[in-house]
J.: 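Please read through the structure below; I'll follow up with questions.
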2 protein chains.
Amino acid sequence: MAIREKSKEKRNALLKATLNLVNNNGFHDAPMSKIAKMANVSPATIYIYFENKQDLINQLYLELKISYTEQAFKDYSENMPVKKAFELIWYNIANYKLKQVDEAWFLAQCDNTTMIDENSRQEGLKHLQPLLDLWEKGQKEGIIKDVSPYLLYAYAINPLAFLMNMQKRELYQLDKESLKQAFQASWDSIRI
Amino acid sequence: MAIREKSKEKRNALLKATLNLVNNNGFHDAPMSKIAKMANVSPATIYIYFENKQDLINQLYLELKISYTEQAFKDYSENMPVKKAFELIWYNIANYKLKQVDEAWFLAQCDNTTMIDENSRQEGLKHLQPLLDLWEKGQKEGIIKDVSPYLLYAYAINPLAFLMNMQKRELYQLDKESLKQAFQASWDSIRI
DNA sequence: TTAATAAAAGTGAACGTTCATTCATTTTGT
DNA sequence: ACAAAATGAATGAACGTTCACTTTTATTAA
């Protein structure tokens with residue numbers, strides 16, 4: 001009955017092309033025609049894989065977010081001591097942002113603009129829950145300040161996005177030593 | 001010889017309209033036609049006041065950045081003790097972001113996208129120099145960690161942008177108490 | 001004080017382009 | 001043989017910008 005499979009390759013090529021174009025030219029200059037050309041398909045083909053441009057962006061955002069949080073919790077287990085666990089997750093996140101620069105940069109752009117609708121953003125946030133749980137545990141143990149998780153995130157994690165931005169603009173170098181300094185600042189800001 | 005003055009009012013109306021449209025719809029959906037309509041002028045009139053759309057955005061960015069840094073250093077003098085001075089500047093910035101939400105939100109968007117060219121961004125950064133000088137003074141006095149000013153900024157100031165973002169999305173409330181907590185976290189992260 | 005003037009502000013409509021999306025048709029894999 | 005993937009060309013809307021023209025106003029000449 002001739003059931004054909006959609007090509008995983010083409011879908012990935014389209015997502016990758018979108019990532020590159022949005023990163024280099026911004027959302028307002030990443031037209032479907034260019035995305036198609038970069039992925040070596042016809043513009044019309046995009047609409048076989050995605051409903052429309054917004055859907056393409058949303059799906060890309062969610063896939064990256066999931067891969068990001070997967071790496072964030074690599075080797076993490078809930079029964080590690082709070083500080084050790086936090087250090088592990090923190091360095092996981094830092095390494096992601098250092099090694100997958102393009103992906104991290106795309107995610108940062110999404111989180112700071114109207115590119116992504118609130119729904120997809122909320123969906124992306126859910127995957128960070130284990131970190132919030134860890135902080136709650138730390139608070140109960142009297143190790144971590146008893147403040148909103150948003151405040152904890154603002155100081156413990158978000159500065160990495162800023163530093164990554166500066167590194168991308170070649171104003172700052174995130175080497176081993178400065179990573180250590182950054183982790184110390186993160187920890188100092190949230191520990192009791 | 002009939003030298004007519006350009007209307008300050010119209011220019012301001014155009015800047016204000018741009019601010020509102022970019023904030024609500026994003027850069028990619030703030031067309032000149034809408035900007036003109038919102039400012040009650042003809043689209044063609046925009047080109048009497050600004051070279052093109054990019055110039056309009058750049059000028060808006062720079063004006064807001066200057067007003068922002070003016071408020072940041074209100075009542076500040078160089079001979080204040082380091083911690084007091086930092087506290088003053090920190091609260092000035094926090095208040096700006098709390099009271100001039102739209103302006104702050106626009107600036108944050110600019111700093112995180114390709115909307116603004118690197119030149120205008122560099123120009124905007126210059127006005128923050130007194131804070132960097134203050135930190136250097138603090139480092140010499142052994143009060144503040146001896147790390148890059150970018151790292152200090154990432155932890156001492158930038159988290160406010162994230163918290164503001166969360167407040168705008170109604171996920172977090174920046175009241176007196178949480179401001180106090182945030183300042184404490186800022187200070188803890190950079191002090192020795 | 002007034003009327004003429006000139007230069008620049010201000011305009012609505014139009015231009016050329018580019019965009020996201022669709023359509024009629026062809027190609028491909030089963 | 002057939003159903004779905006894939007396509008190049010077409011479509012209509014929207015965009016930034018320009019243009020030919022009108023209005024306003026500071027200055028000048030009377």
Side-chain angles (χ1 to χ4, degrees), chain A residues 1-61 106 109-110 113-117 120, chain B residues 1-61 106 109-110 113-117 120:
Chain A
M1 307 258 160
I3 288 171
R4 279 185 71 187
E5 261 185 42
K6 290 185 196 172
S7 151
K8 268 266 168 224
E9 264 178 39
K10 276 187 186 144
R11 183 169 181 279
N12 285 336
L14 282 167
L15 290 172
K16 197 173 174 180
T18 306
L19 174 68
N20 283 325
L21 276 169
V22 170
N23 270 358
N24 294 325
N25 308 348
F27 180 77
H28 66 284
D29 199 36
M32 298 297 253
S33 55
K34 276 193 198 167
I35 292 173
K37 194 165 284 175
M38 191 174 266
N40 280 315
V41 298
S42 156
T45 303
I46 302 181
Y47 293 85
I48 294 168
Y49 292 87
F50 305 95
E51 233 178 84
N52 49 39
K53 193 177 180 182
Q54 187 64 55
D55 181 47
L56 168 58
I57 299 274
N58 282 347
Q59 288 200 36
L60 176 56
Y61 174 78
F106 180 85
Q109 264 196 280
C110 287
T113 63
T114 48
M115 234 166 79
I116 297 287
D117 33 77
S120 302
Chain B
M1 304 263 159
I3 288 170
R4 279 184 71 187
E5 262 186 39
K6 291 183 194 172
S7 150
K8 269 264 168 224
E9 263 177 38
K10 278 189 184 138
R11 183 167 181 280
N12 285 336
L14 281 167
L15 290 172
K16 197 173 175 183
T18 305
L19 175 69
N20 283 325
L21 275 170
V22 170
N23 271 358
N24 293 327
N25 307 348
F27 180 77
H28 65 285
D29 200 36
M32 298 299 251
S33 55
K34 274 194 200 168
I35 293 173
K37 195 165 282 177
M38 190 175 267
N40 279 317
V41 299
S42 157
T45 303
I46 302 182
Y47 293 86
I48 295 168
Y49 292 87
F50 305 96
E51 234 179 82
N52 49 39
K53 194 177 179 182
Q54 187 63 55
D55 181 48
L56 168 57
I57 299 276
N58 282 345
Q59 288 200 36
L60 176 55
Y61 174 78
F106 180 84
Q109 264 197 278
C110 287
T113 63
T114 47
M115 234 167 80
I116 296 286
D117 33 76
S120 302

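Keep in mind it's a predicted model, so treat the numbers as computed, not measured. Note on naming: letters A, B, ... go to the chains in the order of the sequence lines (proteins, then strands), and numbering restarts at 1 for each one.
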J.: Could you point out which residue of Asp55(A), Leu14(A), Val41(A) forms a side-chain contact (heavy atoms from CB on, under 4.5 Å) with Tyr49(A)?
T.: Leu14(A)
J.: With Gln59(B), which of Gln54(B), Arg11(B), Glu51(B) fulfils side chain to side chain donor-acceptor pair (under 3.5 Å)?
T.: Arg11(B)
J.: Among the candidates dT7(D), dT17(D), dT18(D), find the nucleotide nearest to the side-chain atoms of Asn52(B).
T.: dT17(D)
J.: Considering only side-chain heavy atoms of Val41(A), which listed nucleotide, dT7(D), dC15(D), dA20(C), is closest?
T.: dT7(D)
J.: Measuring from the side chain of Ser42(A) (C-beta onward, heavy atoms only), which nucleotide among dC15(D), dT7(D), dC19(C) has the closest atom?
T.: dT7(D)
J.: Of all the nucleotides listed (dG10(C), dG8(D), dA20(C)), which has the minimum atom distance to the side chain of Thr45(B)?
T.: dG10(C)
J.: So, applying side-chain contact (heavy atoms from CB on, under 4.5 Å) with Phe50(A), which one of Ile57(A), Thr45(A), Leu60(A), Leu15(A) is it?
T.: Leu15(A)
J.: Is Lys10(B) near enough to dG10(C) that one of its side-chain N or O atoms lies under 4.0 angstrom from OP1 or OP2?
T.: yes
J.: Specify the separation, in whole Å, of atom CD1 of Ile48(B) and atom P of dT17(D).
T.: 15 Å
J.: Which nucleotide sits closest to the side chain of Lys6(B): dT17(D), dC19(D), dA9(C)?
T.: dA9(C)
J.: Measure from CZ on Phe50(B) to C1' on dG10(C) and round the result to the nearest Å.
T.: 15 Å
J.: Report the nucleotide, chosen from dT17(D), dT18(D), dT22(C), that has the shortest atom-to-atom distance to any side-chain atom of Ala44(B).
T.: dT18(D)
J.: What is the distance from CD1 of Ile46(B) to P of dC15(D), rounded to the nearest Å?
T.: 12 Å
J.: Is the cationic atom of Lys53(B) (NZ for Lys, CZ for Arg) positioned less than 6.0 Å from the six-membered ring centroid of Tyr47(B) and within 45 degrees of its normal?
T.: no
J.: So, does Tyr49(A) get its side chain near the phosphate of dA6(D), meaning an N or O under 4.0 Å from OP1 or OP2?
T.: yes
